[in-house]
Amino acid sequence: MEKVTEYFGSMVFDDRIMKATLSEKVYKSLKRTIDRGTPLDISVANAVAAAMKDWAIDLGATHYTHWFQPMTGVTAEKHDSFISPAPDGRVIMEFSGKELVKGEPDASSFPSGGLRATFEARGYTAWDPTSYAFVKDGTLYIPTAFCSYTGEALDKKVPLLRSMEAINKQALRILKLFGNTKVKSVKTSVGPEQEYFLVDRDMWKQRKDLIMTGRTLFGAMPPKGQEMDDHYFGSIKPRVAEYMADLDRELWKLGILAKTKHNEVAPAQHELAPIYDTTNIAADHNQLTMEVMQKVALRHNLVCLLHEKPFAGVNGSGKHNNWSISTDQGENLLSPGETPAENAQFLLFLAAVIKAVDDYQDLLRLSVATAGNDHRLGANEAPPAVISIFLGDELTAVLDAIEKDKPYGGTAKEKMKLGVDVLPQFSKDSTDRNRTSPFAFTGNKFEFRMLGSSNSISCANIHLNAAVAEVLRQFADKLEKSKDFNKALHDLIRKTIKEHKRIIFNGNGYDDAWIAEAEKRGLMNLKTTADAMPHICDKKNVDMLTSHGIFTEAEIFSRRDIMLENYIKTVNIEAVTMIDMARKEIIPAVAKFAADTANAVAVKKSVSKAACKYETKLVADLSELIDDMDSAAAALEKAVAKFRTIDVIVKASEFIRDTVLPAMDRLRSAADKAETITAETYWPFPAYDKLLFGV
Ligand code: ADP
Ligand code: MG
């Protein structure tokens, strides 16, 4: 067996390969571009391209692709081969600096939300040299950003990079005020924990809902669900263990730091967490991880479900976005320091995050809004749709002491004086184990837990970075003008705590009482995508996002439309699939069972005087449920037909929320009831018990 240390990153054109294959001059120049964003000279690009091509060909590559992340949520790629005709009728393998740096995919069918008229369909992709190129399936992948010819962002990477730049700029201003002039750049890092389900592929093939929508649209709960909590961190079954080992190996070859794997709460649910990395690289790696997860599953005759809610009544899948800010000197700005000055700086960044989350609750909520994730958020599972911050009791008490200018109840019993005193030691709070908080401080990072398992992490981080950058800007504006820095700092932190402490909540987020309390506190409760998404166009959000150059106004409106369109298209496909399954599979199966039972009654009665009470009642119950299903399917058909006539997108999304989804629930509820009284052999596709416990 090959050693992990030997094959880790073997498919990646990383720093080690760059050093080995590029001249010193070219390497240094490329490094400057990677570290500081200086433009890449075409002669350097040519040299890099040539080295990359030779390296990729050695690994069996014949093609290259500009890999990008359009607004569809999945990644996109168009493969070009390296071949170029030679005069003797043969071919040579070519790849130029121009081809490396810029691509022109036919972009007309990627969603642009009206940004790009079809006559101007072209967009271009530009290499993001901070994210390494890699070889996968015989192709050299070049991570790129995707723009229109007029410079508008058509993807998720461009605004993500812009948001990282915004936070860099504002954090540097703050650090300078603390006398920290050595720092050259500040970056955000993310470690996304990825949840997923595995189901048997032969069973998957029998379910149109899984094939078409990635989730089950029908299914009664099995006798055993997740009540026993025996799956969480339980021992991993051999078939799953083999899958996980294979997956790790593939990810490691691609230089992805897959670190932790375990079973999750629900049966058939698992989790994979990498070691954290710079946000844009973490985003690229998470996209790649999701892709590889699905591909490797097929080799094991499994299907990897990344949907947020594959099974009703069983925990859904999310993605915990562990987020921190750190300097190029290796200092984590969210880590409580050991000296008074470090503590004051930490508290300022902490206050900035608290204010950012409170001021931009709506942006954070909508950054994770999709039809799939709506089934988790606010639907009686982690976390609720209301945003709040968990700080733990100790840190909350520290903030309370600062706010009220009273002694902190640690050993010192002294007033907390910022910039003078050292913070009392507070550890990663153990009360955080319930995991119900949407946004939790976990010692030296925040864990944003609302992301859906299939979401790109880009959107959440764009808005989180933007919101924090904005508050840091406000803080820097104020502090730069102050005459007495320590006093201004103290006042600013106190004022921020006072004004924004409503967002802090350390209790159980599942509790209904919390939702009532949150409403009293004036926190937003945006239950669905239809409720949340329009807020991106609120003036305060447009002003903030445009002022930091993260989006233009046109980009913001186009993104609202694209996200709402994703929402309504997703639900529409689900509705149509449900009708199809009900009419062609479920109703005929239940009718057949009812007819067979009725025939049995007739036969029985012809030979004996049996009353056949049980069978007669069963036939009556089945017939009633068939009628229920038929009328519910008809109502859903009508709703879908009406939906197609609505062309204002916001109205259409509201119609989906208010009419189509409830009609789907009605049909499902009738069918699930029928399932519980229909003989297993008649049911047209594998039921929950087989799917959940069949691997
Ligand atoms: P949990 O208790 O949630 O399992 P872990 O400590 O295992 O927490 O970390 C979960 C994720 O957080 C991992 O991906 C890890 O790399 C990441 N992480 C750890 N420290 C940081 C940090 N400073 N910034 C961002 N992510 C981090
Ligand atoms: Mg976690």
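Computed over heavy atoms, backbone and side chain alike; hydrogens, waters and symmetry mates excluded. One-based numbering, in listed order, for ligands and for the atoms of each. For clarity, every value in this text was computed on a predicted model and none was experimentally measured.
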Which atoms of ligand 1 are found less than 4.0 Å from any heavy atom of [X]?
X: Asn332; result: 23 (N)
X: Ile275; result: 16 (O)
X: Gly191; result: 14 (O), 26 (N)
X: Glu193; result: 3 (O), 4 (O), 10 (C)
X: Glu447; result: 3 (O)

With nothing but distance in play, are any N or O atoms of [X] less than 3.5 Å from an N or O of ligand 1?
X: Tyr276; answer: yes
X: Ala273; answer: no
X: Ser324; answer: yes

* To do: Could you tell me how the ring of Tyr243 sits relative to the ring of His300: parallel (under 30°), tilted (30 to 60°) or perpendicular (over 60°)?
  => perpendicular

* Asked: Any side-chain heavy-atom pair from Met293 and Tyr196 closer than 4.5 angstrom?
  -> yes

* Between Trp514 and Thr436, is any pair of side-chain heavy atoms under 4.5 Å apart? -> no

* To do: Please test Arg249 against Glu2 for salt bridge (charged side-chain N to carboxylate O under 4.0 Å, His left out), starting from the C-alpha separation and ending with a verdict.
  => CA-CA 10 Å; Arg249 198 184 143 80; Glu2 234 182 318; 3.7 Å; yes

* Can you tell which of Lys445, Glu271, Gln194 gets a heavy atom nearest to atom 6 (O) of ligand 1? -> Lys445

* To do: Consider only side-chain N and O atoms of Glu193 and Asn322, and report whether a donor and an acceptor are under 3.5 Å apart.
  => yes

